Novice: 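Quick one: this structure, given as structure tokens, is what I'll be asking you about.
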Amino acid sequence: QVQPVESGGGLVQAGDSLRLSCAASGRSFSGYSMGWFRQAPGKEREFVASITWSGSTTYYADSVKDRFSTSRDDAKNTVYLQMNSLRPEDTAVYYCARDQHPRSLVPPVAGQEYAYWGQGTQVTVSS
């Protein structure tokens, strides 16, 4: 079993930056795409970003493109989400998740493609 564990959330002001981390507890993330999702109060969970097992391809939601970036360090079994120019509408619980399938050619954007989810970390952006 693999258990993603998110960290790095907090309360920041609009325009600030945060870096979220997602560490593997148990088995490694190596060989699997990883995804970031978020869920704001009263809203459905939405895709934020994903990265292939090799780190060569990343996808982003339009709402975060050019502000967020995801990366991975398999030596540390950790995936990162760098969030810049944060906005109040970025307020949500952020989750990372591991792809069901090894060595996917493209990183999935649909939640149902992910098998293991973390507990989430709260990000609150004040105006």
Side-chain angles (χ1 to χ4, degrees):
Q1 288 286 349
V2 60
Q3 178 62 52
V5 180
E6 304 93 339
S7 62
L11 172 63
V12 297
Q13 293 188 331
D16 285 351
S17 298
L18 274 177
R19 188 177 79 159
L20 305 184
S21 299
C22 175
S25 175
R27 299 184 67 179
S28 169
F29 295 150
S30 178
Y32 290 85
S33 293
M34 297 295 295
W36 289 94
F37 293 79
R38 67 187 182 185
Q39 187 166 21
K43 295 188 177 181
E44 303 224 336
R45 184 181 64 196
E46 65 175 356
F47 169 77
V48 175
S50 57
I51 184 168
T52 48
W53 62 274
S54 64
S56 61
T57 302
T58 53
Y59 286 171
Y60 297 95
D62 287 344
S63 59
V64 306
K65 202 170 292 183
D66 299 327
R67 299 188 298 123
F68 291 12
S69 64
T70 187
S71 60
R72 63 189 299 155
D73 184 343
D74 283 356
K76 296 181 178 180
N77 283 328
T78 302
V79 180
Y80 303 98
L81 183 68
Q82 178 66 43
M83 306 186 295
N84 299 326
S85 302
L86 283 162
R87 304 168 180 169
E89 54 264 39
D90 295 318
T91 295
V93 177
Y94 284 72
Y95 300 90
C96 71
R98 199 207 78 177
D99 191 358
Q100 292 186 56
H101 308 290
R103 302 186 185 277
S104 298
L105 295 179
V106 294
V109 301
Q112 58 262 36
E113 295 298 320
Y114 290 88
Y116 298 99
W117 293 79
Q119 294 299 306
T121 185
Q122 176 71 47
V123 173
T124 303
V125 185
S126 64
S127 57

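On a predicted model such as this, the values are computed, not experimentally measured, just so you know.
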Novice: In plain terms, say whether Lys65 and Asp62 are close enough for a salt bridge, that is, a side-chain N and a carboxylate O under 4.0 Å apart.
Specialist: yes
Novice: Drop me the distance from Asp90's CG to Arg38's CZ, to the nearest 0.5 angstrom.
Specialist: 5.0 Å
Novice: Can you tell me how far the CZ atom of Arg67 sits from the OG atom of Ser85, to the nearest 0.5 Å?
Specialist: 7.0 Å
Novice: Search all heavy atoms of Tyr95 against all heavy atoms of Gly118 and return the closest pair with its distance.
Specialist: CD2-O, 3.5 Å
Novice: Out of curiosity, Glu89 CD to Ser127 OG, how far, rounded to the nearest 0.5 Å?
Specialist: 10.0 Å
Novice: Measure the OG-CD distance between Ser104 and Glu113 for me, rounded to the nearest 0.5 Å.
Specialist: 7.5 Å
Novice: Same cluster or not: Leu86 versus Tyr80, using hydrophobic residues (I, L, V, M, F, W, Y) connected whenever any side-chain heavy atoms lie under 4.5 Å apart?
Specialist: no
Novice: If we ignore hydrogens and angles and just use 3.5 Å, is the side chain of Thr124 paired with the main-chain N or O of Thr91 as donor and acceptor?
Specialist: no
Novice: For residues Val79 and Tyr32: do they belong to one hydrophobic cluster (side chain heavy atoms under 4.5 Å, members Ile, Leu, Val, Met, Phe, Trp, Tyr)?
Specialist: no
Novice: Is the backbone N or O of Thr52 less than 3.5 Å from a side-chain atom of Thr57, with the two atoms forming a donor-acceptor pair by type?
Specialist: no
Novice: Go through the structure and list residues passing salt bridge (charged side-chain N to carboxylate O under 4.0 Å, His left out) with Arg98, not counting sequence neighbours.
Specialist: none
Novice: Any idea which heavy atoms bring Val2 and Pro4 closest together, and the distance?
Specialist: O-CD, 3.8 Å
Novice: What side-chain donor-acceptor pairs closer than 3.5 Å can you find for residues 8-25, not counting sequence neighbours?
Specialist:
residue: Asp16; atom: OD2; partner: Gln13; partner atom: N; Å: 3.1
residue: Ser17; atom: OG; partner: Asn84; partner atom: OD1; Å: 3.0

Novice: What's the spacing between Leu81 CG and Ser71 OG if we round to 0.5 Å?
Specialist: 8.5 Å
Novice: Which heavy-atom pair separates Val48 from Phe68 by the least distance, and what is that distance?
Specialist: CG1-CD2, 3.8 Å
Novice: Of all the heavy-atom pairs spanning Phe29 and Arg72, show the shortest one and how long it is.
Specialist: O-NH2, 3.2 Å
Novice: Could you walk me through whether Ser28 and Asn77 pass the side-chain hydrogen bond (donor to acceptor under 3.5 Å, both in side chains) check?
Specialist: CA-CA 6 Å; Ser28 169; Asn77 283 328; 2.8 Å; yes
Novice: Within this structure, what is the CD-CD distance for the pair Gln112 and Gln100, rounded to the nearest 0.5 Å?
Specialist: 9.0 Å
Novice: Not counting sequence neighbours, list each pair that qualifies as a ring-ring contact (aromatic ring centres under 6.0 Å, His included) and has a residue in residues 37-67.
Specialist: Phe37-Phe47, Phe37-Tyr114, Phe37-Trp117
Novice: Over all heavy atoms of both residues, which pair between Ser33 and Pro108 is shortest? Give the atoms and the distance, please.
Specialist: CB-CD, 3.8 Å
